[in-house]
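Encoded as structure tokens, the structure appears first; notes follow it.
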Amino acid sequence: MADHYEVLGVARDASPDEIKKAYRRLARELHPDVNPSPEAAERFKLVTHAYDVLSDPQQRQQYDLGPQPGFDGGGFGFGDIFETFFGGASGGAQRGPRSRRERGQDALLRVEVDLDEVIFGAHRDLEVDTAVVCETCGGSCCQPGTAPVTCDICHGTGSIQRTVRSLLGNVMTSSPCGTCRGYGTVIATPCVTCQGQGRVRARRTVPVDIPAGVDTGLRLQMPGSGEAGPAGGPNGDLYLEIKVRHHDVFSRDGDDLLCTLTVSMADAVLGAHTKVKALDGDIDLELKPGVQSADVITVKGRGITHLRGTGRGDLRVGVQVVTPTKLDRKERDLIEQFAKHHKTEEPSLARFQQGLFAKLRDRFL
């Protein structure tokens, strides 16, 4: 056993003030918050115990006389001194037992929807693996017919209080009860289904109404649809992250829908009526004679429903006039005759115009 005077680095006739100064110096050097090494922790225990003995006149006298029958070296352990200076509540403060019921964790799911579902909204029944309340115990954590019993160590307070002697005199410290872990009660017969947790992992169905107008990256919050909390605690929230699937024909610009209509050269010259299949039904379109590539036909109110508010965006149809690349002799003669009768200027550069149809350029490319 190490000599207490050597541990503190003082002479055997050192005064109480010298012993106190030596302890404070070593405590600042070896405290775990300053020096986390295992060696420092062991030395700190020895220093604390040595000071505990030598700072008390009666215990110091007994120590100087040598071991005596029944002498325990002080009567205060390292844990008491450590809690007095560096942890635990002081002054007899008591917070009361903590509840076993806790809020469950939030959950995040990613949901894919088609572009046509975005127009009017969609419904999903999502299968989710999550924590649910145990049906056997109903969240009580106890075997049916039993209940938690008051801890006989802390008597239901959830904490243990003890008085320890320090440099400042007697100090009341409080720490969580190790028997009940601060709950104040002990579950003598835990539920065999949930192992005393009050919840189990299971698959459940969550009905979800996805509103119209959602877009990729939007998150929807469903309060109370997340995991069940321990011991029957309230559920967390469920968050849905939306992803809108790519569509081969239609694209989106805000709440407007964009698409491309290919038109033959003859229809572009003479004009025509046509019917196209939109995401929410057929639409009649009128092509005026002389329609040009990059012209836009706007159909009001046939776009995406506004997420917040009423009404819908528009459907904008970009025209692409298709020039034939393979002509037989008769067709070529007809085109040549048309060219003779319809004299036009030589091809030349025109003034650049940034029109609405520029947003559809990717579809033409």
Side-chain angles (χ1 to χ4, degrees), residues 109-126 207-222 239-326 344 349-365:
L109 292 179
R110 290 176 173 84
V111 182
E112 292 190 354
V113 295
D114 293 322
L115 188 58
D116 57 342
E117 295 178 306
V118 175
I119 297 179
F120 298 114
H123 179 83
R124 289 283 195 279
D125 288 323
L126 302 179
V208 176
D209 288 319
I210 301 174
V214 296
D215 203 354
T216 296
L218 180 69
R219 284 192 177 184
L220 304 176
Q221 181 181 10
M222 300 182 61
Y239 291 87
L240 303 179
E241 187 173 89
I242 303 297
K243 179 182 178 182
V244 181
R245 296 189 184 96
H246 170 77
H247 197 282
D248 292 334
V249 175
F250 295 91
S251 61
R252 181 175 180 175
D253 179 27
D255 287 339
D256 290 346
L257 286 175
L258 313 178
C259 65
T260 301
L261 179 68
T262 57
V263 178
S264 69
M265 187 176 65
D267 287 337
V269 172
L270 301 176
H273 286 82
T274 186
K275 180 179 292 186
V276 297
K277 185 177 292 296
L279 292 174
D280 59 338
D282 294 339
I283 296 177
D284 291 322
L285 294 179
E286 179 181 359
L287 298 175
K288 296 181 179 180
V291 65
Q292 302 292 313
S293 286
D295 283 353
V296 176
I297 302 173
T298 300
V299 183
K300 294 290 186 180
R302 296 298 294 268
I304 303 293
T305 302
H306 301 312
L307 180 62
R308 296 176 180 84
T310 58
R312 297 172 56 181
D314 300 332
L315 171 64
R316 289 183 277 155
V317 182
V319 176
Q320 181 182 13
V321 179
V322 179
T323 303
T325 57
K326 295 182 179 181
T344 59
L349 295 176
R351 182 179 178 181
F352 175 77
Q353 295 182 355
Q354 181 67 43
L356 181 62
F357 193 72
K359 295 182 179 180
L360 302 176
R361 61 185 178 277
D362 290 340
R363 292 208 169 272
F364 289 100
L365 294 175

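Under the 4.5 Å side-chain criterion, counting only non-hydrogen atoms from C-beta, L257 is in contact with I119. The shortest side-chain heavy-atom distance between L279 and H247 falls under the 4.5 Å cut-off. Side-chain contact check for L315 versus F250: some heavy-atom pair is nearer than 4.5 Å. Between L307 and V214 the shortest side-chain heavy-atom distance falls below 4.5 Å. Between P289 and L270, the closest side-chain pair of non-hydrogen atoms is not below 4.5 Å. Residues L261 and V276 form a side-chain contact, since some pair of their non-hydrogen atoms from C-beta on lies under 4.5 Å apart. Using a 4.5 Å cut-off on side-chain heavy atoms (C-beta onward), V118 and R252 make contact.
With sequence neighbours excluded, the residues forming a side-chain contact (heavy atoms from CB on, under 4.5 Å) with D284 are K275, listed by chain and number. Every residue two or more places apart in sequence or in another chain that forms a side chain to side chain donor-acceptor pair (under 3.5 Å) with D209 is listed here: H123. Applying the side chain to side chain donor-acceptor pair (under 3.5 Å) test to D114 and every residue at least two apart in sequence or in another chain returns R245.
Once rounded to the nearest 0.5 Å, the distance linking CG of L240 with CG of L218 reads 9.5 Å.
Across all non-hydrogen atoms, the minimal contact from R124 to E112 is NH2-O, 3.0 Å.
Under 4.0 Å is where a charged nitrogen must lie from a carboxylate oxygen, and between R316 and D253 at least one such pair does.
Side-chain N or O atoms of T274 include none that pairs as donor or acceptor with a backbone N or O of L285 at under 3.5 Å. Between the side chain of R110 and the backbone N or O of E241 there is no donor-acceptor pair closer than 3.5 Å.
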